[in-house]
Amino acid sequence: MSWSILTMLRENPDLLKEHVKKRYMDPSIVDKAHRLDQEWRKLLTLVQEVRHRHNVISREISKVPEPEKQRKIEEAKKLLEELSRLESELKRVEDEREQALLDLPNVVHESVPIGPDDSYNVPVRFWGKPRVWEGYLEQFKQQTEKYGFKVEHEIINWKPVGHADVLENVLGLGNTLKASEVAGSRFYYLFDDLVFLDMALLMYAIDSLTSKGYRLVLPPYMLRHKVMMGVIDLKAFEDAIYKIEGEDLYLIATAEHSLAALHAFEDIPEDDLPLKYVGVSPCFRKEAGAGSRDLKGIFRVHQFHKVEQYVYAKPEDSWSLMEELISNAEDLFRGLELPYRIVNIASGDLGAPAAKKYDLEVWMPAQGLYREMVSCSNTTDWQSYRLKIRLIRRKGMIKEYVHTLNSTAVASTRTITAILENLQNEDGTITVPRALRKYLEAFNKAPRDYIHPVKKEKSP
RNA sequence: GCCGGGGUCGCCUAGCCUGGUAGGGCGCCGGCCUGCUAAGCCGGUGGGGGAAACCCCGCGCGGGUUCAAAUCCCGCCCCCGGCGCCA
C-alpha cells in the first residue's frame, strides 16, 4: 500500500477533496471512498478474527479423539455460518470500496491552471510564424495577445481553403462520402499522395524518437477489459472504446493503452527506469462524446495512425520527463514547419488519469484557431496503481508505484489537416515539409516538393 | 478448433494418486563468525489488515464439495507437443 491517492485518502481526505474540487467534480466521491475504506477495514478485521477461530478449531480436529472430534466439527460448522454471513457483507463493501477508489481522479499538479473548462487553458509558449487571414486577425489576438504573447505572424489577404475542402474538392485525394455510406460518418478513404504522406509522417516520428533512444514497439491493437480499465476512466471507456462482440477484447484508442499494459502486473527495479518506448499503431475511437463537432473531413475520425511516446519513470523524475516528452513533440512539429503553441490544460479539462497535461496546438489558418495535435500527460501513479506496476528500490521495504507518462508524437490524419491548411499555396498546391521528403523518397510514386490537385477525369 | 502434457513464494523443484499449518535447492538482502577471500552459521526474501503484538489470505484465474483443498469436482485463461485450418 503506497498508492499516493489512497495514502492521501486515509491521511488527509480534505486535501484530496480540494484536488477533486479543482476538477469541478463532486467532492462527495472522496467522502464515499473514505467511508467505504474505513468500513472495509473494520469488517475485514472482524472476518479475519472469525476465520482465525475457525482455523484453530479446524487444526485441532485432526488431533483430538472421537467424541471430542464430533463436538469440534459442530462448533466449526457454527463458525462457518457466521463467517459466510460476514463474508458476503465484506464482499459487498469491498466491491463498493474498489469501485469508489477507481472513481477517484488523479490529484492535480500545483502548476495546473484552475478552471472548469478549456477556456481556462493557459498557453505557455508559442513557436513559428502563423499565416493569419486578415479576417481572423481579431480572433488571432484573442489566442495570443490576450495571454501576453506577441507572436510574429504573416497577414494574408486570401482565405485559405479549409482542410476538408482541400481534401475532397481541391486535391481530390479523399472520399468521406463513400466511406460514410459503407462504414459510417467519421470514416474516410484517402488516396495516393495523402497515403504516402500518412506513412511518411509515421516514419518521420519513428525515426526521430528511436534516434533519441526510445524503444520501438508494435503493440497489440486489442486488450482485455481488465487491462483497459487500468489505463482509462469509465467515461473514456464509454466515449471512446470499441468492443469486439463475443470476446473479452477492446480495440485500443491509442498505443498508450498497450504500452501501459506492456509491464502490467510487474515489479520494475529502479535501475531499469526510466523505460522509454515509442509505439506505432492504428487508433480506434467512437468519438461518442463529440456530438456533431468536426464532422467534415479527417480531423476527428474513428480510426487513424499514431506514433506514441510512453515512459515508465521513478516518481522523482517524472516531471522533468514530461518536459522531455513535450519537447520531443515540439521538435517534430518544428520540423513539419507547423506554427504551434503549448497549452497548459486547465484542471476541469484534465482527464481523470492525468495530474497535468500539455496540448500542442497548431494554428489552422482556415479556421482561425489553434487546434490540438498532441496531448502529453503525466499520469503519475494513477495508471500504475490500477495495473499493479511497482517500483522496487534497491534498499528498504517500501513498495511504490512507478510513474507513467504518455504523449503523442504524431497522429497521422490530424497532422495531415494541419499540413493541408498551413502549407497550402494560393494555387491549391500543398508544399511538402522538407523534413518529410527523406521518407517520401522511399516510394517511387510519392510526391517530392508539392502535392498537386488531381486532374478531373471527366468534366460535367 | 481437436487430442495430450503442464502452470507451486525471484528461478528450479517436492507434495497431488491416498485432503490435515507448502518442504528442499539456487539466487538475493541482513546479521554472526573468520584479520582478506572462500567456507560456515542464524534470520529474512508473495499480497493485505493492524500503532504493535499478531492475524488473515496466497500453489494460473473463478466456482463447487468438505470441519479442512496445492491435493477431489466443474468452468475459464495461458504455456508446450501433435493434428486440423490458414495469409
Side-chain angles (χ1 to χ4, degrees), chain A residues 1-13 33-102 218-230 243-250 258 261-273 275 282 381 384-402:
Chain A
M1 203 287 285
S2 80
W3 184 35
S4 61
I5 293 171
L6 183 54
T7 304
M8 191 184 289
L9 179 71
R10 288 181 177 178
E11 292 174 0
N12 196 347
H34 188 64
R35 179 175 54 76
L36 284 165
D37 183 52
Q38 287 190 319
E39 197 180 331
W40 171 75
R41 286 156 84 184
K42 224 191 288 171
L43 207 50
L44 180 62
T45 307
L46 187 58
V47 164
Q48 289 182 343
E49 268 169 31
V50 177
R51 273 210 275 255
H52 176 60
R53 273 151 63 199
H54 177 264
N55 282 346
V56 170
I57 288 178
S58 189
R59 271 175 229 143
E60 285 169 0
I61 287 173
S62 61
K63 291 169 194 148
V64 298
E66 207 16 91
E68 179 83 13
K69 193 173 200 157
Q70 278 311 315
R71 244 189 43 232
K72 293 266 183 203
I73 287 177
E74 284 311 308
E75 202 176 329
K77 281 181 175 170
K78 272 234 174 67
L79 279 174
L80 276 180
E81 276 175 39
E82 189 186 347
L83 188 59
S84 84
R85 231 185 6 256
L86 286 169
E87 274 178 336
S88 63
E89 175 71 1
L90 177 67
K91 177 84 170 68
R92 191 182 61 75
V93 173
E94 199 167 51
D95 289 349
E96 278 186 53
R97 168 189 181 266
E98 180 74 10
Q99 192 51 54
L101 290 181
L102 291 179
L218 194 136
Y221 301 161
M222 302 176 214
L223 296 169
R224 296 202 168 120
H225 181 269
K226 177 174 78 166
V227 177
M228 256 332 182
M229 274 308 294
K243 184 182 192 324
I244 304 293
E245 194 180 5
E247 312 243 5
D248 178 23
L249 284 174
Y250 298 80
S258 326
L262 177 58
H263 292 293
F265 320 113
E266 291 180 10
D267 293 346
I268 304 179
E270 65 173 330
D271 289 349
D272 291 358
L273 295 171
L275 287 164
D381 60 359
S384 60
Y385 167 73
R386 296 173 159 231
L387 289 175
K388 307 297 172 221
I389 308 169
R390 300 209 303 187
L391 166 59
I392 303 302
R393 302 275 189 185
R394 207 199 275 277
K395 295 206 174 73
M397 298 296 288
I398 303 151
K399 299 285 192 341
E400 292 177 82
Y401 291 95
V402 303

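Keep in mind it's a predicted model, so treat the numbers as computed, not measured. Proteins get letters first, then strands, A, B, ... in listed order; numbering begins at 1 in each.
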Separation of [X] atom [atom1] from [N] atom [atom2], in whole Å?
| X | N | atom1 | atom2 | value |
| --- | --- | --- | --- | --- |
| A:L90 | B:G48 | CG | C1' | 12 Å |
| A:D37 | B:G48 | CG | P | 13 Å |
| A:R97 | B:G48 | CZ | P | 11 Å |
| A:E400 | B:G47 | CD | P | 14 Å |
| A:E247 | B:C77 | CD | P | 10 Å |
| A:F265 | B:G10 | CZ | C1' | 19 Å |
| A:I392 | B:G27 | CD1 | C1' | 16 Å |
| A:D272 | B:G10 | CG | C1' | 14 Å |

Separation of [Y] [atom2] from [X] [atom1] (nearest 0.5 Å):
| X | Y | atom1 | atom2 | value |
| --- | --- | --- | --- | --- |
| A:I73 | A:S58 | CD1 | OG | 9.0 Å |
| A:D381 | A:I5 | CG | CD1 | 6.0 Å |
| A:W3 | A:R10 | CH2 | CZ | 11.0 Å |

Does B:G49 have its OP1 or OP2 closer than 4.0 Å to a side-chain nitrogen or oxygen of A:R10?
yes
Evaluate the ring planes of A:Y401 and A:Y385, with Trp represented by its six-membered ring, and classify them as parallel (under 30°), tilted (30 to 60°) or perpendicular (over 60°).
perpendicular
Could you go step by step and tell me if A:R92 and A:E89 meet the salt bridge (Lys or Arg N to Asp or Glu O under 4.0 Å) rule?
CA-CA 5 Å; A:R92 191 182 61 75; A:E89 175 71 1; 3.0 Å; yes
Is any side-chain N of the basic residue among A:K78 and A:E75 closer than 4.0 Å to the acidic one's carboxylate O?
no
With a 4.0 Å cut-off, would you call A:R85 and A:E82 a salt bridge?
no
If every non-hydrogen atom of A:Y250 is compared with every non-hydrogen atom of A:R224, which pair is closest and at what distance?
CD1-C, 4.1 Å
Heavy atoms only: give me the nearest A:R97-A:L6 pair and the separation to one decimal.
NH2-CD2, 4.0 Å
Looking only at atom [atom1], what distance separates [N] and [M], rounded to whole Å?
| N | M | atom1 | answer |
| --- | --- | --- | --- |
| B:G23 | B:G15 | C1' | 8 Å |
| B:G20 | B:C72 | P | 11 Å |
| B:C28 | B:C9 | C1' | 14 Å |
| B:C26 | B:C83 | P | 41 Å |
| B:A14 | B:G7 | C1' | 16 Å |
| B:G5 | B:C41 | C1' | 43 Å |
| B:G58 | B:G47 | C1' | 7 Å |
| B:A70 | B:U18 | C1' | 15 Å |

Hey, is the main chain of A:V402 close enough, under 3.5 Å, to the side chain of A:S384 for a donor-acceptor pair?
yes
Using only atom types and a distance under 3.5 Å, with no angle test, would you say the side chain of A:K243 pairs donor to acceptor with the backbone of A:E247?
yes
Carefully, step by step, assess A:R51 and A:E87 under the rule side chain to side chain contact (heavy atoms under 4.5 Å, CB included).
CA-CA 10 Å; A:R51 273 210 275 255; A:E87 274 178 336; 2.5 Å; yes
Between A:S62 and A:R224, which has a closest nucleotide on RNA chain B that is more 5'?
A:S62
Assign a letter to each nucleotide of nucleotides 52-57 of chain B from its 5' end: B, base within under 4.0 Å of a protein heavy atom; S, sugar-phosphate only; -, no contact.
---BBS
When Watson-Crick pairs (N1 to N3 and N6-O4 or O6-N4) and G-U wobble pairs (N1-O2 and O6-N3) count only below 3.5 Å on both distances, what is the dot-bracket string of RNA chain B, with | for other-strand pairs?
((((((((.[[[[.)....(..]]]]((((((.......))))))((((....))))..[[[[[..)....]]]]])))))))....
Walk me through whether A:L262 and A:L275 qualify under side chain to side chain contact (heavy atoms under 4.5 Å, CB included).
CA-CA 11 Å; A:L262 177 58; A:L275 287 164; over 6 Å; no
List, with names and distances, any nitrogen or oxygen atoms from the protein found under 3.5 Å away from nitrogen or oxygen atoms belonging to nucleotides 64-68 of chain B.
| from | atom 1 | to | atom 2 | distance (Å) |
| --- | --- | --- | --- | --- |
| B:C67 | OP1 | A:K77 | NZ | 3.1 |
| B:C67 | O2' | A:H54 | NE2 | 2.7 |
| B:A68 | O4' | A:S58 | OG | 3.2 |

